[in-house]
Protein chains: 2
Amino acid sequence: MDKSAGSGSGETLLFLTDEQLRKGIEAMFFAYRGFTADPDRILDQRGYGRAHHRALHFIHRAPGTTVNNLLSILGVTKQSLNRVLRSLIDDGLVESRIGREDKRERHLFLTPVGAEMERALSDAQRARMRAAYRAAGPAAVAGFRQVLEAMMDTEQRAQFQSLRDGGS
Amino acid sequence: MDKSAGSGSGETLLFLTDEQLRKGIEAMFFAYRGFTADPDRILDQRGYGRAHHRALHFIHRAPGTTVNNLLSILGVTKQSLNRVLRSLIDDGLVESRIGREDKRERHLFLTPVGAEMERALSDAQRARMRAAYRAAGPAAVAGFRQVLEAMMDTEQRAQFQSLRDGGS
DNA sequence: ATTTTATGTCAGCCTTGTTGACTTTCCAAG
DNA sequence: CTTGGAAAGTCAACAAGGCTGACATAAAAT
């Protein structure tokens, strides 16, 4: 099919033309648009943006996480995150509790309203992911995940892996 | 390995837990950051943004394309694209020629300087993609591409496919 | 007691998206 | 031929969400 050689072990040298790589780059570009399209519509209706989605996602993932923790996962500045977090707290979607052990820390939780919003967003995103996975089949999914993981920066990969299994 | 069933034809029903899907979603999030990281650094040095990269990429891909064409590929408003295009034209990276048949149209081309910039950006992005492809192996790459394509919107997929082969 | 850490806030900047209003050009219907 | 609409592009203004820098506060660590 493709002009590639190798047994698939990941050790072999592949002949990768600029053309093949360009297709991968463009596929990534268009797919990411699809990936964010459904949540974006919901966010837009409710007056929020993608930044709010990311915050809700990771607070849902790791309830009680601190601001600093979230900062390093999201890779933005605290000022940037703070703007988003403040609107979520003011609107009653996120609760910020002062740490019991270390009172400097704020632990973040979704309120029932925030949890419902998060569910709406992730339901939409999962539905698309599920459809794509089903259309492509399990072997393709494994490959998809391998390539994505190899594309991350070392730091990001470490974060992804620590989230990956520790999660729920 | 994963709790999935099916023969891999893409027709079978898979058991996809929310957990598995969430991992895919997070992988997509972190991988996209890696995907854009290298070009972003170069762009930043030279005082441009990601929007400039996208414009350069697709003008390089299809020299002589019209603004309208580019608009539908990029999925932004013409006003948004225009700002980016203007700076590229003013800085001598892109040339805009008035259409000979239809004088309303502007046909876009990279200047030598623009072509060099585009090369620097795509070299960086291809290098990462190549490394990821090599690390994951050819079977994984095929799966990667399948899932990405299945994740696109119908429109986006049509555009991707028409670009995919017609290209160079 | 001093320094470091975690967090929050104000001010201001940039990129890149948006809408609305406008010009120029083309084409087609009267 | 003219006129009216559609299409391509431009200008102006606004918003979201990145960024930096400076500074405040409280708590923890030294």
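Quick caveat: nothing in here was measured; it's all calculated off a predicted structure. Chain A is the first sequence line, chain B the second, and so forth, proteins listed ahead of strands; every chain is numbered from 1.
A distance below 6.0 Å separates the ring centres of A:Phe29 and B:Phe58.
The line from CD1 of B:Ile25 to OG of A:Ser122 is 7.0 Å long, rounded to the nearest 0.5 Å. Here CZ of A:Phe30 is found 11.0 Å from CD of B:Gln161. Values are rounded to the nearest 0.5 Å. With rounding to the nearest 0.5 Å, the separation of NE2 in B:His107 from CD in B:Glu101 is 8.0 Å.
Where DNA chain C meets chain A (any atom under 4.0 Å from a heavy atom), the bounding nucleotides read 5' to 3' are C:dT5 to C:dC10. Think of the region where chain B sits on DNA chain D: with heavy atoms and a 4.0 Å cut, that region ends 5' and 3' at D:dA6 to D:dA13.
Base contact: B:Arg83 has a heavy atom under 4.0 Å from a base atom. Among the protein residues, B:Thr66 comes within range of no part of the nucleic acid, since none of its heavy atoms lies under 4.0 Å from any strand.
Using a 4.0 Å cut-off between charged side-chain N and carboxylate O, B:Glu95 and B:Arg97 make a salt bridge.
No donor-acceptor pair under 3.5 Å is formed between the side chain of B:Arg145 and the backbone N or O of A:Lys23. At least one donor-acceptor pair under 3.5 Å links the side chain of B:Thr111 to the backbone N or O of B:Leu93. Under a 3.5 Å cut-off, the side chain of B:Gln20 and the backbone N or O of B:Thr17 do form a donor-acceptor pair. One N or O on the side chain of A:Arg128 and one on the backbone of A:Gly34 form a donor-acceptor pair closer than 3.5 Å. With hydrogens and angles disregarded, no donor-acceptor distance shorter than 3.5 Å links the side chain of B:Arg106 to the backbone of B:Ser96. The backbone N or O of B:Thr77 lies less than 3.5 Å from no partner atom in the side chain of B:Ser80, so there is not a single donor-acceptor pair.
For residues 88-107 of chain B, proximity to DNA chain C is found at B:Asp102, B:Lys103, B:Arg104, defined as any non-hydrogen atom under 4.0 angstrom from a strand atom. For residues 68-77 of chain A, proximity to DNA chain D is found at A:Gly75, A:Val76, A:Thr77, defined as any non-hydrogen atom under 4.0 angstrom from a strand atom. Annotation: proximity of residues 48-59 of chain B to DNA chain D (heavy atom, distance under 4.0 Å) is found for no residue.
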For residues 42-51 of chain A, tabulate all N or O donor-acceptor pairs below 3.5 Å that involve a side-chain atom, not counting sequence neighbours.
{"residue": "A:Tyr48", "atom": "OH", "partner": "A:Asp91", "partner atom": "OD2", "Å": "2.4"}
{"residue": "A:Arg50", "atom": "NE", "partner": "A:Asp40", "partner atom": "OD1", "Å": "3.3"}
{"residue": "A:Arg50", "atom": "NE", "partner": "A:Asp40", "partner atom": "OD2", "Å": "3.3"}
{"residue": "A:Arg50", "atom": "NH2", "partner": "A:Thr36", "partner atom": "OG1", "Å": "3.3"}
{"residue": "A:Arg50", "atom": "NH2", "partner": "A:Asp40", "partner atom": "OD2", "Å": "2.7"}

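Side-chain contact between A:Phe109 and A:Val94: absent, with no pair of heavy atoms (C-beta onward) separated by less than 4.5 Å.
Heavy atoms of other residues, nucleotides or ligands lying less than 6.0 angstrom from NE2 of A:His60 number 12 at most.
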Derivation and outcome, side-chain hydrogen bond (donor to acceptor under 3.5 Å, both in side chains), residues A:Glu118 and A:His53: CA-CA 7 Å; A:Glu118 194 282 331; A:His53 183 188; 5.8 Å; no
